[in-house]
Amino acid sequence: MELQLVNETGDKTAPSRLEEEICFHFTKAHFDLGQFAPGWYIFNCVVNAVFSIIAAASNLVILMAIRRTPSLQTPSGALLFGLALSDLGVGFIVHPLFFCQILAKVIRNTPLFCGAGIAVEIAANALCIVSLLTVTAVSMDRYLALRLHLRYGELITVKRAVLVLVGIWLFSSTFGSLWLWQHELVKIVAIIIITISLSIATFSYINIYRIVLHHRSIIHVQRTQIQGFDKNEEEELNVQSIKKQAVSSFWVYCILAVCFTPYLCTVAVIEAQGVTFAARLSYELTATLIFVNSSLNPLIYCWRLREINNAVRQTLRSLLS
């Protein structure tokens, strides 16, 4: 499916110059600045440069902290490790490549734009889908922890969590590489994946909320009975612990949804109405917002998860000592 270029007034008979392909899947509409001042693109470059450092450094520390802490060697810890690994890739690979692509537009360097653009499309499509699917897996893990309860430890193991991560990485790598041959199909499939993943995560957290309310009502009733009071106290502490982890992962989901939604809307508009210079600039800015998500996740871990916070503090002390 070829995108139909439109001008800023909505006329679908845009000059053929804009449709001229400069390299691979990129056209003049992707390379030219349009009517916008270079300041917008320079601003985007600065944001990518700053958050590249933040994402790389913070997620590297998170990975080291999880690896060094035995109490975090759990299915949930494995999934967080996988999420931090994909976020590290965004910091080390995607941000710098996107910086180069946007800078190439400003300095009018076509070879740099094409090389960085092709690389960033493949890497970003792969790593961002990894992050999205991993966050979805985390939400399902927290739901199953409450749903299965005592059977959770038997059915959900670290080995199985790792297998899920391997499957996510293999699928996402294939999906990212598909851009080389079917770039329009990748956009459509990305919209579908984002929509389905956010829907599954939303379903999981709604049910987590319902299960927590149900447990609270049961414990409240049982507390009125003298027998089994200690057992009920232990049950409540267990539920509260799982609930706290669920709330923490819910914050990760909320931030991810906020970062992905503008991009989802922009791509949907482009697919429906065609490419304009404004739509292309919006695409680049909303893509940057998705990449910034990789810098926000470590902050949420340290803010909401005490074990992660303590592990990070110990890791930083050992590194700085």
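All heavy atoms count here, side chains included; hydrogens, waters and symmetry mates do not.
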Requested in this report: Tell me, yes or no, whether the heavy-atom count around R313 atom CZ, taken from other residues, nucleotides or ligands under 6.0 Å, exceeds 12.
Outcome: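 Atom CZ in R313 is not packed in, count stays at 12 or less.
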Query raised in the report: Hey, is CZ on R147 packed in by over 12 heavy atoms from elsewhere, all under 6.0 Å?
Result: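 No - once you tally the heavy atoms of other residues, nucleotides and ligands closer than 6.0 Å, there are 12 at most.
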For [X] and [Y], indicate whether the former's side chain and the latter's backbone hold a donor-acceptor pair under 3.5 Å.
X	Y	value
S295	F51	yes
T286	Y283	yes
S172	W169	no
T261	V258	no
Q73	I66	yes
R160	L155	yes

Can you tell me how far [atom2] of [Y] sits from [atom1] of [X], rounded to the nearest 0.5 angstrom?
X	Y	atom1	atom2	result
I129	S173	CD1	OG	11.5 Å
I308	I62	CD1	CD1	5.5 Å
L80	L85	CG	CG	12.5 Å
Q314	R68	CD	CZ	10.0 Å
L79	R142	CG	CZ	8.5 Å
N48	I53	CG	CD1	11.5 Å

Query raised in the report: Does the side chain to side chain contact (heavy atoms under 4.5 Å, CB included) test come out yes or no for F81 and L165, once each step is laid out?
Result: CA-CA 10 Å; F81 188 92; L165 288 174; 5.8 Å; no
Requested in this report: On the 0 to 90° scale, with breaks at 30° and 60°, tag the F98-F291 ring pair as parallel, tilted or perpendicular.
Outcome: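 F98 and F291: perpendicular rings.
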Report task. Hey, can you tell me if W40 and F43 have their rings parallel, tilted or perpendicular (30° and 60° cut-offs)? Result ->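 The rings of W40 and F43 stand perpendicular, inter-plane angle above 60°.
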Requested in this report: Start with the C-alpha distance between N310 and R306, add both sets of side-chain angles, then the distance that settles side chain to side chain donor-acceptor pair (under 3.5 Å), and finish with yes or no.
Outcome: CA-CA 6 Å; N310 293 335; R306 180 174 297 179; over 6 Å; no
Can you name the nearest heavy-atom pair linking [X] to [Y], along with the distance?
X	Y	value
T195	I191	OG1-O, 2.8 Å
A56	L88	O-CD1, 3.3 Å
T136	S197	OG1-CB, 3.3 Å

Query raised in the report: Given the rule that I, L, V, M, F, W and Y join up when any side-chain heavy atoms are under 4.5 Å apart, are Y143 and Y152 in one cluster?
Result: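 The answer is yes; both residues are in one hydrophobic cluster.
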Report task. May I ask whether Y41 and L103 are part of the same hydrophobic cluster, defined by side-chain heavy atoms of I, L, V, M, F, W, Y residues being less than 4.5 angstrom apart, directly or through others? Result ->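 Per the 4.5 Å side-chain linkage, Y41 and L103 are not co-clustered.
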Side chains of [X] and [Y]: does their closest heavy-atom pair fall under 4.5 Å?
X	Y	answer
P298	V61	no
I200	M140	yes
F175	I193	yes
S86	L83	yes

Query raised in the report: When you look at Y301 and V312, which way does the side chain to side chain contact (heavy atoms under 4.5 Å, CB included) test go after all the steps?
Result: CA-CA 10 Å; Y301 306 154; V312 167; over 6 Å; no
Report task. Could you give me the CA-CA distance, side-chain angles and deciding distance for L281 and E284, then say whether side chain to side chain contact (heavy atoms under 4.5 Å, CB included) is met? Result -> CA-CA 5 Å; L281 178 60; E284 291 168 352; 4.3 Å; yes
Query raised in the report: Can S71 and E307 be said to form a side chain to side chain donor-acceptor pair (under 3.5 Å), step by step?
Result: CA-CA 8 Å; S71 61; E307 277 191 299; 3.0 Å; yes
Requested in this report: Determine the sole option in N293, V292, V135, L299 for which the side-chain contact (heavy atoms from CB on, under 4.5 Å) test with I255 is passed.
Outcome: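 Only match with I255 under side-chain contact (heavy atoms from CB on, under 4.5 Å): N293.
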